S.K.: 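Mind looking over this structure? Questions follow.
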2 protein chains.
Amino acid sequence: MSSGRARRGKASGGMGRRPARLSAVDRRRAILAAAKEIFLAEGYEGTTMRRIAEALGVTPTTLYLHFPDKSALLTEICDDSFAQLVVEFARADLEHAPPLEALRRLLDSYVGFGLAHPREYRLLFMTEVPPHVGGHRPVPGDGATRPDNGQIAFAALEALVRRLVDEGVFRPGDVETIAEAIWAAAHGLVSLLIAMPHFPWSERARLVDAIAEMVLRGWTRA
Amino acid sequence: MSSGRARRGKASGGMGRRPARLSAVDRRRAILAAAKEIFLAEGYEGTTMRRIAEALGVTPTTLYLHFPDKSALLTEICDDSFAQLVVEFARADLEHAPPLEALRRLLDSYVGFGLAHPREYRLLFMTEVPPHVGGHRPVPGDGATRPDNGQIAFAALEALVRRLVDEGVFRPGDVETIAEAIWAAAHGLVSLLIAMPHFPWSERARLVDAIAEMVLRGWTRA
DNA sequence: TTGTTAAGTTAACATTGTTATTCAATCATC
DNA sequence: GATGATTGAATAACAATGTTAACTTAACAA
């Protein structure tokens, strides 16, 4: 893996000709697209800023013109993915389905989302929130944090549980607690699969089934 | 150059006096102890090999005399923590209790362990182990086949589930899958509480109860 | 033309994990 | 005690990473 010194011809590190000059908005979008692709392919740690820049035909410094640091890329990508989750929930059509069916669908889409976006999932639900000690000044484009998409998603689950309890499908109990327990079960599956990929897990589909079954039978009336 | 270099007194970042020369076994132990402390305090990514060495009054190179790389430290420390969990499981006295009672106790001790040692828990089950991408060949002494403590702990759960299925307390099903699902539920609770301390959770005792109830009713015969 | 602005580059900095090489303390043996 | 091997530890570096300071160039308005 030895890379020699920078030779003048081939551009492993040095750029050849200048890239097209894009507007800030377009460059931003292009960076996000490239970053997402590489993050998904190589993982967060496995992705370097240089690699992203190279894919764009741009120097690494350019990335810092549009994003304060590497994690900002992931954060923004995650926010997009989270919106997808909300969409996924909506697509489960919770309002108009039989509630048990709806819960089942919700669990499926939650797990499906997590396993389809393990990077994002890890950042959203498994990352230690740092004390934000760093000496970073605020970013030009960085607005205030919006109302959390995650809370919206949890509210959907909670509403569904309330409906199940009210209709007598679930046995009575504290709706919030039940919703949290169900979330824990789904999250436990996703996060374990993500964090411990070397464990000899059962077949995924069967595992998801087992979790859903446990949740449904665990709360439905005897 | 100059005949005798100043070996001492370079206080700025460098080493002071030579450390006590320890036997390989003792040095290994000392490294593990220091690494564990710092890992727990700063997290895996936040811990540098230099920092560990500094805490020992030793140069970073010394660490590589006793461990192949950074992740090896994490692996070994995790194994120790798992041993604690195994002890906790044994203390639940699974063999001699009615199986449902035993499962309940096992869940309690698992959750208790996680919430009592959130740092260790995070290290064990939530830390990303980097894909070991560098040009390292596997260490000769590393059998990779010896049953680690984590597998022992899981085996205890699995045995208990098998007993419950065999005795007809649980409805029939794949024992491994059921055990994994139960683990997922317990882990989901612990890891969510650890990772999202700001979420407005229900009271802890009630949550633990809800999880246990969901698990037990989820698998017991109708 | 000139001047300003914003997009981009060059060249580095500071850290990181890690290693090739050298030094020195211990210990068995003469 | 002197000698030489063993091995714990240090020095000094390597390459890669995230990141930044300082400079360059395209576009456009006056």
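A, B, ... follow the sequence lines: proteins, then strands. Residue 1 opens every chain. Fair warning: this is a prediction, and the values are worked out from it, not measured in the lab.
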S.K.: What residues, two or more places apart in sequence or in another chain, satisfy side chain to side chain donor-acceptor pair (under 3.5 Å) together with B/Thr48?
M.R.: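 So B/Thr48 forms no side chain to side chain donor-acceptor pair (under 3.5 Å) with any residue.
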
S.K.: Below 3.5 Å, can you tabulate the donor-acceptor pairs from side chains in residues 204-213 of chain A to any protein atom, sequence neighbours excluded?
M.R.:
unit_1   : atom_1 : unit_2   : atom_2 : d
A/Asp209 : OD1    : A/Arg104 : NH2    : 2.7
A/Glu213 : OE2    : B/Arg171 : NH1    : 2.8

S.K.: OP1 or OP2 of C/dA7 versus the side-chain N and O atoms of A/His66: is any pair under 4.0 Å?
M.R.: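 So the side chain of A/His66 is outside the cut-off, no N or O lying under 4.0 Å from OP1 or OP2 of C/dA7.
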
S.K.: Where the side chain of B/Asp69 is concerned, which of C/dT18, C/dT9, D/dT19 is the nearest nucleotide?
M.R.: C/dT18

S.K.: Among D/dT19, C/dT18, D/dG8, which nucleotide has an atom closest to any side-chain atom of A/Pro60?
M.R.: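 Nearest listed nucleotide: D/dT19.
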
S.K.: Extract from the structure each pairing of a protein N or O with an N or O of nucleotides 14-16 of chain C at less than 3.5 Å, listing the distance.
M.R.:
none

S.K.: Please identify each residue that fulfils side chain to side chain contact (heavy atoms under 4.5 Å, CB included) with B/Thr61, with sequence neighbours left out.
M.R.: B/Thr59

S.K.: By the ring-ring contact (aromatic ring centres under 6.0 Å, His included) test, which pairs, at least two apart or in different chains, include something from residues 24-45 of chain A?
M.R.: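 The answer is A/Phe39-A/Tyr44.
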
S.K.: CZ/A/Arg105 to CD/A/Glu88 distance, rounded to the nearest 0.5 angstrom?
M.R.: 12.0 Å

S.K.: Would you mind listing every salt bridge (Lys or Arg N to Asp or Glu O under 4.0 Å) that reaches into residues 179-196 of chain A, with sequence neighbours excluded?
M.R.: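 Salt bridge (Lys or Arg N to Asp or Glu O under 4.0 Å) check on residues 179-196 of chain A returns no pairs.
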
S.K.: With a 3.5 Å cut-off and heavy atoms only, can you find an N or O donor on one side and an acceptor on the other between the side chain of B/Thr61 and the base of C/dT19?
M.R.: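 It does, because a donor-acceptor pair links the side chain of B/Thr61 to the base of C/dT19 below 3.5 Å.
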
S.K.: Side chain to side chain donor-acceptor pair (under 3.5 Å) with B/Arg162: which residues, sequence neighbours excluded?
M.R.: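 Applying side chain to side chain donor-acceptor pair (under 3.5 Å) to B/Arg162 gives none.
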
S.K.: Determine which bases of DNA chain C form Watson-Crick or G-U wobble pairs with both distances under 3.5 Å, and write the result as a 5' to 3' dot-bracket string with | for other-strand partners.
M.R.: ||||||||||||||||||||||||||||||

S.K.: According to ring pair (Phe, Tyr, Trp, His ring centres under 6.0 Å), who are the partners of A/Tyr121, at least two apart in sequence or on a separate chain?
M.R.: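 Scan of A/Tyr121 (ring pair (Phe, Tyr, Trp, His ring centres under 6.0 Å), adjacent residues dropped) gives A/Tyr110, A/Phe125, A/His187.
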
S.K.: According to ring pair (Phe, Tyr, Trp, His ring centres under 6.0 Å), who are the partners of B/His117, at least two apart in sequence or on a separate chain?
M.R.: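 Per chain and number, B/His117 pairs via ring pair (Phe, Tyr, Trp, His ring centres under 6.0 Å) with B/Phe113.
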
S.K.: Could you list the residues that satisfy ring pair (Phe, Tyr, Trp, His ring centres under 6.0 Å) with B/Phe89, not counting sequence neighbours?
M.R.: none

S.K.: Which residues, if any, of residues 21-30 of chain B bring a heavy atom under 4.0 Å of DNA chain D?
M.R.: B/Arg21, B/Leu22, B/Ala24, B/Arg27

